[in-house]
Amino acid sequence: MTNGLSFTCALPDWISSVVDYDEVYESDEDKVGLANALAMGNVAHGTGGPFGAAVFDASTHRLVAPGVNLVVPALNPTAHAEIIAMAIAGAALGRYDLGDRRRQPMMLATSVEPCAMCLGAIPWSGISAVIIGARDEDARAAGFDEGDKPSDWIDRLHARDIAVTRDVLRNESVLVLTSYNRVGGENYSAATGSSS
């Protein structure tokens, strides 16, 4: 019984000044650079946590969907940047399997390694590749709880034919995390007082 409750999650208005759906994000650096710009925009505008992500079409290298962390403004503990990007991509593409059974491979770029929840969502999304900026330990050093992930998570994604590339623009990604702390951003998690 929902008692008339519903859920919607809208991206902040400033997103349109950062994303360009016509641009070709050819390199991994271009893709993570956009994820970092989204994360930094979230920090600068005070619209959520210091995490950004984006889904790209692997063949055209064009943006399908951006995402930023909206946990606090959306009052939703699952509104992490990767989840938002994948959800918007599904709506944009009109399907839950973003890669359409690998006929249209999709890539996920994220400013920070996926937390335990986002890691779990990646195989079911149809994503074929994940490109990552900062590492789990960078997020933890900044005070965020990334959850319990298996130590061989990269191997597990590889076993599902999902490529993983780490440390792309890592220093720039770490700067976003430290900027959030510098401006007094809220760390939010029911379990430990923080989350990504």
Give a yes or no on whether Asp155 atom CG has more than 12 heavy-atom contacts from other residues, nucleotides or ligands under 6.0 Å away.
yes

I'd like to check Leu70 versus Pro12 (side-chain heavy atoms, cut-off strictly below 4.5 Å). Are they in contact?
yes

Joint cluster assignment, Trp153 & Met86, ILVMFWY side-chain distance < 4.5 Å
yes

How long is the straight-line distance from OG1 of Thr165 back to CD1 of Ile154, given to the nearest 0.5 Å?
9.5 Å

Spell out, as yes or no, whether a donor-acceptor pair under 3.5 Å connects the side chain of Tyr180 to the backbone of Glu186.
yes

Side-chain heavy atoms under 4.5 angstrom apart, residues restricted to Ile, Leu, Val, Met, Phe, Trp, Tyr: same cluster for Val112 and Met40?
yes

Smallest separation among heavy atoms of Cys118 and Ile83, with atom names
SG-CG1, 3.8 Å

Looking only at heavy atoms, what is the nearest atom pair of Asp145 and Gly147, with distance?
OD1-N, 2.9 Å

Could you tell me the separation between the CD1 atom of Ile162 and the OG atom of Ser125, rounded to the nearest 0.5 Å?
6.5 Å

When you measure from the side chain of Asp57 to the backbone N and O of His61, does any donor-acceptor pair fall under 3.5 Å?
no

Transitive ILVMFWY side-chain link Val72 to Val176, under 4.5 Å
yes

Would you say the side-chain atoms of Asn42 pair up with the backbone N or O of Asn69, donor to acceptor, closer than 3.5 Å?
yes

Heavy-atom closest pair (Pro114 atom, Ile132 atom, distance to 0.1 Å) is CD-CD1, 4.0 Å

Salt bridge or not between Arg62 and Glu23? Use side-chain N to carboxylate O under 4.0 Å.
no

For the atom pair CG (Leu177) and CZ (Arg182), what is the distance rounded to the nearest 0.5 Å?
11.0 Å

I need the Leu98 CG to Met107 CE distance, nearest 0.5 Å.
14.0 Å

Under the side-chain hydrogen bond (donor to acceptor under 3.5 Å, both in side chains) test, which residues partner Trp124, sequence neighbours left out?
none

To the nearest 0.5 Å, tell me how far Leu63 CG sits from Asp30 CG.
12.0 Å

Face-on cation placement of Lys31 at Phe56 ring, 6.0 Å and 45° thresholds:
yes

Establish whether Val43 and Val18 are linked, either directly or via other cluster members, by ILVMFWY side-chain heavy-atom contacts under 4.5 Å.
no

The reported gap from CG in Leu108 to CD1 in Ile122 (rounded to nearest 0.5 angstrom) is 5.5 Å

Would you find more than 12 non-hydrogen atoms of other residues, nucleotides or ligands less than 6.0 Å from Tyr21 atom OH?
yes

Does the side chain of Met106 come within less than 4.5 Å of Leu93's, by heavy atoms?
yes

Would you find more than 12 non-hydrogen atoms of other residues, nucleotides or ligands less than 6.0 Å from Asp152 atom CG?
yes

Which pair of heavy atoms, one from Ala92 and one from Val64, lies closest together, and at what distance?
CB-O, 4.3 Å

Do Met117 and Val130 belong to the same hydrophobic cluster, where Ile, Leu, Val, Met, Phe, Trp and Tyr are linked whenever their side-chain heavy atoms lie under 4.5 Å apart, directly or via other members?
yes

Would Arg135 and Asp138 pass as an ion pair if we require N to O under 4.0 Å?
no

NZ/NE/NH1/NH2 to OD/OE distance under 4.0 Å, Lys149 and Glu137:
no

For Ala39, does its backbone N or O pair with a side-chain atom of Ser111 as donor and acceptor, under 3.5 Å?
no

Under 3.5 Å donor-acceptor, Asn36 side chain and Gly52 backbone
no

How close do Ser173 and Ala134 get, heavy atom to heavy atom, and via which atoms?
CB-N, 3.4 Å

Can you check whether Arg102's main-chain N or O pairs, donor with acceptor, with Asp100's side chain at less than 3.5 Å?
no

Given 3.5 Å as the limit, does a donor-acceptor pair link the side chain of Thr110 with the main chain of Glu113, or not?
no

